[in-house]
Amino acid sequence: MNLFEDQGFERRSCKTCNRYFWTLDAEREKCPDHSDDTYSFIGDPPTSKRFDYTQSWKEVESFFVKNNHTSINRYPVVCRWRDDLYFTIASIVDFQRVMGSKVIFEFPANPLVVPQTCLRFKDLENVGVTGRHFSSFCMIGQHSIPNENGYWKDECVNLDFNLLTQQFGIAKKEITFVEDVWEGGGSFGSSLEYFVRGLELGNAVFTEFQGDLSNYKTLDQRIIDMGAGLERFAWITMGTPTAYDCCFGPITQKLIQNAGIDTDSSILVPYFTEIAKNLELYEDLSHVRKNAIKTTGLSDEQINRIITPLEGIYLIIDHIRTLIFAISDGALPSNVGGGYNLRIMLRRIVSTMDRLKLKFDLNEIIDIQIDYLKNTYPELEKTREDVKEIISIETGRYDSSKQRMQKIVSKLDKEPKVEDLITLYESDGVTPEYLKEMKVISEIPSTFYAKLSDLHQSKKQKEQVNLPLEGIPDTELLFYGDDPREFDAEVLKSFENFVILDKTAFYARGGGQEPDKGDIGGQEIMDITKHGNIIVHEIKGDVPKEGDTVSCTVDAKRRDGITKNHTSTHIINTSARSVLGSWVWQHSAFKEEDHARLDITHHSALTNDDVKKIEDAANSIIGKSIPVKIENFDRGTAEQKYGFRIYQGGVVPVKSVRIVSIGDLDIEACGGTHVANTSDIEQIKITKTKRIQDGVVRIEFVSGDSAKEFVKKKQQDSESKEKEEKMKEEEKGKRIEQRQLAKERIPVIAKSLLECKQGTITVDDITMKLAASGKANFCYSTSDNYDDVFHIGLGEVLCKADPKLVYCGLFEQGEKIRVIVYSGENISKEKSAGEIVKSISQILGGAGGGSPKFAQGGGINKSKKEDAIKNAKSMIIE
RNA sequence: GGGCCGAUGGCUUAGGGGUAUAGCGCCACGUUCGCAACGUGGAUGUCGAGGGUUCGAUUCCCUCUCGGUCCA
């Protein structure tokens, strides 16, 4: 290093860990991790300049721009350009593109700096407590490829040295460089970490080898990956007790005042210095905290009144800042993948406020934070209201989920067994952690997770067929060119049922678009798949000979339907985004000939109103007859030009991307087939929507002719449904009429019947027979003019008035005959209604039963009606 | 895609092969100068839809729809 020689740095080995480091300080014997001056900048910064978070970036940026760097905007924190990462975790990730097993680097400028927001959830429990851990932070990315524009080690170290000394005014003897090796992502190189007073400010990695330390070769492309923590740059100039105090802008002071915490720097400075030092010594955070309390001699009262609430406030602010970035960039809190991290963070915010009895207005915190952050990240302004909306929905969801769990837990009458725990978790979403918190169970059984995972043994993945494709050239794709429906092609290879042609107009399965159908040399095509750049056709009958020329026909109607549906997918996607909110992204899609579906990221199920608005927006795009333009771009150029919205369908593993744009409404990287103009689609109709998982909504739809048919069929359906409804209404009216009739007539009939004091009387086909004293009275009817409602009503009234009465109603109902028997209170023991019904029903060829006081039954032998009533008479009157 | 749970008046719900529970709300009347409170009474609940078993299904079985939830 020329710099080290010029400036007089000395290389030494740490007395504790033997690592080599470079210093100007003749006294220094240990590396920064093991020195005594660790974190002495707290309360005593090593520079007279004071830069907060915003200003720190302005200083860094202006320094590098002055030194011929291009300053580029941050990339999204949702890492859509890589399949293996959910969130952007380092600035270098911005420029990494995975192709197969290889990672390649694509730089939009060289050299460059970027203020890259990075999300890391590894040390979540440290956030707010340690003074320097964040769930998201700004990585100052300084990147260079050593060519005619870029530079290598010497220049890099020079720049970083000058940044610290000139721009930040830190004395050069404060700076220590530590030698190390950095490895990751299949490549490695030497690295130089730079520290000031024990705080690592940055790490420059000189990536030049591929492989690992035992087996490596030089990379074709050497890269400088210098990452530095912007929050730390601000902190070292401000010397505040924690980095949180100087990195969040005015919100921190506001919340501290709001909570009424008295921040006494004579307590905070030594406490957080101790925390920082102890963090290097112990792994366990509670140990670190305990030790710091002991060393600084803080009382329990001071901890509870000052430190604990401060930790909570720091956590809340940090977590909200992360949520602002993540939601702005299109991530939604959910129960899957990276979304779960966001849900956890929101729940930590809410439960921290509950625990500390802090009443903050989250919307206000979001506003103040965005007002501050937009100095560096102006794009956050655009999603301000969307962030608030998502956070408020998620907060509400947490509340109702807590209530739900409480309700379920309150119903538990005994300590649940492991099986019960699994049911509770699987069916009701009650986590064992919650049960432990609520003291329903004392410990989570050790077998819980084992049993749970047994239950969800994932089925074996479909084995991928390995086809012998070596040496076959790429297939020429006619569907990207003239796209003929009939063409001749040469058979390059054929085996089993597979045919490979030199060129093809058959679209292969891919990008959610189903393959074409048609025939090759008269044989029907079963499936078409893509293997690298080779298209493989699977056909039904015998395969043609290699070298033959075959004539091919594409099923034009099918292709037409699929194509319309594909463009419709793009249209619905952009319509949904404009109706619902900026968080809407394509999650996945499927396009068949006569129907298609699009899964989008959205927090709730769609309402009918949402669906109508989306459909209207989509049809209005069709009505505007917008040309659909297809262009090919270099990937980097496309990303810079259109942003990461182009990756709706996921990662595109090719260097040149095909950009499909519908005016400026929707621009996506897409390999599918599309109509030339939106008016070709004619009509889009959403047929169904469904929430398929937390945070994902499925929209099923039809377009073109299918849409027209759907509308027609729906019209017919609604007409027949209307008729049905009318009939139901009529039936209902009849029933009500009958009930009304029964209600009116029962008192009248009952009165007449009860007037009979002896002998027999018949009123409206109902006969009352009064027995001699002591015996049961008998009342019956076999008229079909009465129904069950009537008999039940009359029986009850009569038996109440005459507790020695047995009432028996027989009537035909459709093909069957039914019987209802009531037995008065004073007689029901000897003349049980249940027994009578059983006997009668048997005669009628059926069955029945009930209680001694009330029973019903029935049968199918209508002709036995008279026999039945005779039997009843004999049973009752004897 | 798979598993589990659920769907009962406007709302919350009990129940379970044989008259469908209760609370809140609502309406009417009474008490009151009026309100609240109280008292009395009232309501068109096809017990999510369709099929099966049965004399009889809201209940049991099957299919479907919708909702919840968990796992991929």
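So that the names make sense, note that chain A is the first sequence line, chain B the second, and so on, each numbered from 1.
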[N] [atom2] sits how many Å from [X] [atom1], rounded?
X: A/Ile817; N: B/U54; atom1: CD1; atom2: C1'; value: 17 Å
X: A/Lys816; N: B/U53; atom1: NZ; atom2: P; value: 10 Å
X: A/Asp788; N: B/U46; atom1: CG; atom2: P; value: 17 Å
X: A/Ile860; N: B/U53; atom1: CD1; atom2: C1'; value: 15 Å

Sub-3.5 Å pairs of nitrogen or oxygen atoms, protein against nucleotides 63-65 of chain B:
none

Salt bridge A/Arg558-A/Asp516, side-chain N to carboxylate O under 4.0 Å: no

Can you tell me if the side-chain N/O atoms of A/Arg698 get under 4.0 Å from OP1 or OP2 in B/G1? yes

For nucleotides 18-21 of chain B, list the nitrogen or oxygen atoms of the protein found under 3.5 Å from its nitrogen or oxygen atoms, one pair per line.
| from | atom 1 | to | atom 2 | distance (Å) |
| --- | --- | --- | --- | --- |
| B/G18 | O6 | A/Gly849 | N | 3.2 |
| B/G18 | N1 | A/Gln856 | O | 3.3 |
| B/G18 | N2 | A/Gln856 | O | 3.3 |
| B/G18 | N3 | A/Gln856 | O | 3.4 |
| B/U19 | O2 | A/Glu796 | OE1 | 3.2 |
| B/U19 | N3 | A/Tyr822 | OH | 3.0 |

Min side-chain heavy-atom separation A/Phe854-A/Ser823 under 4.5 Å: no

Under 4.5 Å between any side-chain heavy atoms of A/His319 and A/Ser135, yes or no? yes

When you measure from the centre of the six-membered ring of A/Trp585, is the NZ or CZ of A/Arg80 under 6.0 Å away and within 45° of the axis? yes

Please confirm whether A/Arg597 makes a cation-pi placement over A/Phe590, using NZ or CZ under 6.0 Å from the six-membered ring centre and within 45° of the ring normal. yes

Would you say [X]'s side chain and [Y]'s backbone share a donor-acceptor pair under 3.5 angstrom?
X: A/Thr601; Y: A/Trp583; answer: yes
X: A/Gln648; Y: A/Gln586; answer: yes
X: A/Arg577; Y: A/Val584; answer: yes
X: A/Thr782; Y: A/Gly809; answer: no

Paired with [N]: which nucleotide, if any, by Watson-Crick or G-U wobble criteria at under 3.5 Å for both distances?
N: B/U53; answer: none
N: B/G39; answer: B/C29
N: B/A20; answer: none
N: B/G6; answer: B/C66

Ring centroid separation A/Phe87 to A/Phe121 under 6.0 Å: yes

When rounded to the nearest Å, what value does the distance between [atom1] atoms of [N] and [M] take?
N: B/C66; M: B/G23; atom1: P; answer: 36 Å
N: B/U46; M: B/A36; atom1: C1'; answer: 40 Å
N: B/C33; M: B/G9; atom1: C1'; answer: 37 Å
N: B/C70; M: B/C64; atom1: P; answer: 24 Å
N: B/G15; M: B/A22; atom1: C1'; answer: 11 Å
N: B/U59; M: B/G6; atom1: P; answer: 14 Å
N: B/U54; M: B/G18; atom1: C1'; answer: 12 Å
N: B/U13; M: B/U21; atom1: C1'; answer: 9 Å

